[in-house]
Amino acid sequence: MVDLQELETFLIEYRRNMHRYPELSHQEYQTTENIRQLLLSHGVTIVDTPLETGLIAQITGAETGPTIALRADIDALPIVEQSGVEFVSENEGAMHACGHDFHTSVVLGATILLNQQRDKLKGTVLVIFQAAEEVAQGAGKVLETGVLENVEAIFGFHNDPSLPVGTLGTKVGELTAAVDRFEIIVKAEGAHGAKPHEGVDPLIVLAQIIQAFQPIVSRNLAPDSHAVLSITQVHSGETWNVIPESAYLEGTVRNFSAENRQKVEQRIRKILEGIALANEIEIDLIWHASCPSVTNDEKWTTVSLEAAQAVGYETRIVKESAIGEDFAYYQEKIPGSFVMIGSGGPYELHHPKFRVDDTALFPAVKYFEALVLSVLK
Ligand SMILES: [Zn+2]
Ligand SMILES: [Zn+2]
C-alpha cells in the first residue's frame, strides 16, 4: 500500500512537472509516455488501443460486476504562460492553462489507489487519459476504439477557479454549453474609395450582419435560455482609399438546449440569405458544429455528490457554464456525471496567468476513489 502522504507529495510534483512540459492537442506523445510509465510502475493494466496519444487503463475488480469509466484530459493550450510559477512552461507557446495537468494527476492518483483495492471492487474501471480535449476531437477518438462499448456509467471533472478549494459543484441536466463556431465570407464588389456606387461595400454588409445577429438571442430565444452569440473576428480592407471586395467574420454560439442550438443556426442562415438578397451579393457561411452540452444523469449525479460529501467536500448546485467540454460526446452514449472541483483562482481557465492551488489536488483523488468504491461495492 502506498503511503497517502507520500502519494500526495508525489502527485503535486508530478503535476508540476507535467505543467513544465505541456503538449498541444494531438501532440501529447511524451505526456502519454509518462502516464504509461507511471501506471506500469504501479502494476496497472493498459488497454491495447490504436490511440496515437492518450491511453486507457483498466482496473479489474476481484468480483464481476458493471464496467464504469473515469476520464481525465491531458492536452495543453497554445498560450504563452505568464503565471510566474517556478515550474513555468518550458515549451514556449504551450501552457496548461486549463488545468489538464491537474486533471491528469488527480485521476492518476485515484487509479493508483483503486488498483491497490481491486479485491474490494465488484466490476471493472476503465480510466481514460484523453488527448485533444481543447479541440473537441479526443473523446470521439476514444469512442471510436469501441473500448467503452459496455460501460454503464462515466465520470469526469473540470477544475473550476471560481469555486474555492474544498468545494465541488455540479447539476443535473445541462452543465456546459453546446458550442458552435461560424465563419462568414461576404463576397461583395470592390471600388475606388471615392466611387462607392460602382461597387458593393462589404464593410457596410459586415456592419449589417453584426447588427442583425444581436436580436437572435435577445428576441428569438426565451429569456431563460442562457444562450450567447459573439462575433470575435472581423477582417476587411487593406488601405484608406479602396473599398475592398470581401469581408470576413468569425464567431461562436453557445447554447444549453439542442432546440435552441438548431434555432440559432436557422436564424443565422435566414438573416444571411436576407442580407445577401438585399445587397445583391453572395455571402458564404461555414458552420463548425462542436461538442454538445455536458448533460448529467440524475442518478449518477446524486451518487457523485454523495461521494464528494463523504470525503469532506462542500457540495453546491452550480449554474450552467458557457465553456465547451468534449466529455459531452461520451454522455451522448453513456449516462454519467461531470463535476466542477474548486481550484482556487484567481485567474480564469485559458488565462495566461491561470494557476491551480496544490491543496486542491489530493481531495479530488479521494473523491474519485470514494466514487468508484461506492459504485462498485
Ligand atoms: Zn480548456
Ligand atoms: Zn479544460
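Order of appearance sets the numbers: ligands from 1, and atoms from 1 within every ligand.
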Tell me whether the Zn ion (ligand 1) has Glu133 as a neighbour, meaning an N, O or S atom of it below 2.8 Å. no
Please find out if the Zn ion (ligand 2) and some N, O or S atom of His103 are separated by less than 2.8 Å. no
Work out the angle at the Zn ion (ligand 2) between SG of Cys98 and NE2 of His158, rounded to 10°. 90°
ILVMFWY network linking Val147 to Leu51, side-chain heavy atoms under 4.5 angstrom: yes
Measure the acute angle between the ring planes of Phe338 and His158, then classify it against the limits of 30° and 60° as parallel, tilted or perpendicular. tilted
Heteroatom test (N, O or S) for His100 near the Zn ion (ligand 1), limit 2.8 Å: no
Is there a donor-acceptor contact under 3.5 Å from the side chain of Glu23 to the main chain of Gln30? yes
Before you tell me yes or no, could you show the steps for Glu265 and Arg269 under salt bridge (Lys or Arg N to Asp or Glu O under 4.0 Å), namely the whole-Å CA-CA distance, both residues' side-chain angles and the distance that decides it to 0.1 Å? CA-CA 6 Å; Glu265 186 186 341; Arg269 289 187 186 279; 2.9 Å; yes
